[in-house]
Amino acid sequence: MVHPENSDSYKGLVVNAGIEQPASVNPYLARHKKRELSVNDYVEGIVKGDITILSRAVTLVESTRPEHEAIAQEVIEQCLPHSRNSIRIGISGVPGAGKSTSIDVFGLYVLEKYGGKLAVLAIDPSSERTKGSILGDKTRMEKLAVHPGAFIRPSPSAGSLGGVARKTRETIILCEAAGFDKIFVETVGVGQSETAVHSMVDFFLFIQLAGTGDELQGIKRGIMEMADGIIINKADGDNLERARLAAAQFRSALHFFPPSESGWTPQVLTYSGFYGLGIKEVWDMVYGYIDFVKANGYFEHRRREQSKYRMYESINECLRNSFYQNPVVGAMLEEEERKVLEGKHTSFIAAKKLLVKYFDTIRK
Ligand code: GDP
């Protein structure tokens, strides 16, 4: 007896003669293909506040194709003068700290109280591994996502942290040119991404939780030096007392840090994103800071320092790419790496050899 799977009469996948696949699933599709936009179309659309065009420009910024990058750079260049007065807030916290819940509530609060338009962007270093990011995902910020004054954009997913951060910075410029005067940049509080976000915002807000040991971790990772405000979330119900205790611990820990360059003393507050408690206090603090640093000149100073930092970052990124994309280097890299692993070369000699070759090729 033949098993059904091996019997011809039971074969599951049979292509019947006479059925031919059409050349195209939808021959009318070509008609609906998006028209290519010129640099001018992009800039005009963005300056008018056209969200569809802004989204397309951001996609262009995020693209890794050289022809897209070239247009994107021109669009950014022309948008720069239209980049209006804005405040940029970095928001960080470990997964589960309540970033999405809080940003949803914070966003609605600032839009209602201060008016204007809000863009929520994100930098997620893990997105490189997971090939796609959930940070900044619209579905996590349900109320804000349907607000006409809000624009939410997930983290760009391709490339190194430096590359992802650059794309977010460029997106900030586009959003500001489109009239978004409040920018939130969200990041996961797990590593280097904070430094990248710190280099592009005016105020850095750290969301912490009570009783998770995060208090001490935060101190270790240098988060305290970067924070302009530490806010303890989930200060509600049974957790209220613990949140207050954590706040007290943070406050006393802050005494051990040198005064910040801005002259501002970082504040520690408790709130509940979920129940909407203490939200006003958080934003009074943020706006209090903005007034303070605008008055003492630090606001402008910090933005200028950030531009300088960006210049060096761009140079570094460009040099790194030029080196690693060099075909001569590419051909040697694996071999040199192997020699180092086998102990035949020191790492210094291998690096030097590669660099000498690289400089030889670019001199030619
Ligand atoms: P994210 O990973 O940092 O974006 O955190 P989420 O905003 O997704 O929140 C993680 C979990 O904490 C969710 O189950 C939220 O409902 C809960 N949560 C967020 N904010 C609060 C709060 O203020 N109080 C309480 N009790 N739970 C909260």
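Small disclaimer: the values here were computed from a predicted structure and weren't measured. Excluded from the calculations below are hydrogen atoms, water molecules and symmetry mates; all remaining heavy atoms, backbone and side chain alike, are included. Start at 1 and go down the list; that is how both ligands and their atoms are numbered.
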Which of the ligand 1 atoms, numbered from 1, are nearer than 4.0 Å to a heavy atom of [X]:
X	result
Ser272	22 (C), 23 (O), 24 (N)
Asp236	22 (C), 23 (O), 24 (N), 25 (C), 26 (N)
Pro95	2 (O)
Val94	3 (O)

I want to know if ligand 1 touches [X] in the polar sense, i.e. an N/O pair below 3.5 angstrom.
X	answer
Ser100	yes
Tyr271	no
Glu186	no
Tyr275	no

Report task. Give the ring-plane orientation class for Tyr287 versus Tyr114, where under 30° counts as parallel, over 60° as perpendicular and anything between as tilted. Result ->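 Tyr287 vs Tyr114 ring planes: parallel.
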
Requested in this report: If the plane angle is over 60° it's perpendicular, under 30° parallel, otherwise tilted; pick one for Tyr358 and Phe323.
Outcome: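 Tyr358 vs Phe323 ring planes: perpendicular.
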
Query raised in the report: Under a 4.0 Å N-O cut-off, is there an ion pair linking Lys48 with Glu44?
Result: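 Between Glu44 and Lys48 there is no salt bridge, as every charged N stays at least 4.0 Å from the carboxylate O atoms.
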
Can you give me every donor-acceptor pair (side chain of residues 253-262, partner residue at least two apart or in another chain, under 3.5 Å) with its distance?
residue: Ser260; atom: OG; partner: Ser262; partner atom: OG; Å: 3.1
residue: Ser260; atom: OG; partner: Trp264; partner atom: O; Å: 2.6
residue: Glu261; atom: OE2; partner: His301; partner atom: NE2; Å: 3.2
residue: Ser262; atom: OG; partner: Trp264; partner atom: N; Å: 3.2

Report task. Before giving the answer on ring pair (Phe, Tyr, Trp, His ring centres under 6.0 Å), spell out for Phe292 and Tyr298 the whole-Å C-alpha distance, their side-chain angles and the decisive distance to 0.1 Å. Result -> CA-CA 9 Å; Phe292 177 76; Tyr298 182 77; 9.0 Å; no

Query raised in the report: Nearest to atom 15 (C) of ligand 1 by heavy atom, Asn239, Ile91, Thr101: which?
Result: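 Looking at heavy atoms only, the winner is Thr101.
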
**Report entry** Nearest neighbour of atom 28 (C) of ligand 1 from the list Lys234, Met141, Lys99, on a heavy-atom basis
**Finding:**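 Heavy atom nearest to atom 28 (C) of ligand 1 belongs to Lys234.
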
**Report entry** Identified ring-ring contact (aromatic ring centres under 6.0 Å, His included) partner of Phe203 from the options Phe184, Tyr289, Phe299
**Finding:**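 That would be Tyr289; it is the only one of Phe184, Tyr289, Phe299 passing the ring-ring contact (aromatic ring centres under 6.0 Å, His included) with Phe203.
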
Requested in this report: Examine ligand 1 and decide if any of its atoms is less than 4.0 Å from a heavy atom belonging to Ala97.
Outcome: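 Right, Ala97 reaches ligand 1.
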
Query raised in the report: Any chance the rings of Phe204 and Phe206 have centres within less than 6.0 Å?
Result: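 Judged by ring-centre distance (under 6.0 Å), Phe204 and Phe206 do meet the cut-off.
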
Query raised in the report: Counting distance only, does the side-chain N/O of Asp202 pair as donor-acceptor with the main-chain N or O of Arg88 below 3.5 Å?
Result: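 Yes; judged by distance alone, with no hydrogens or angles, the pair exists.
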
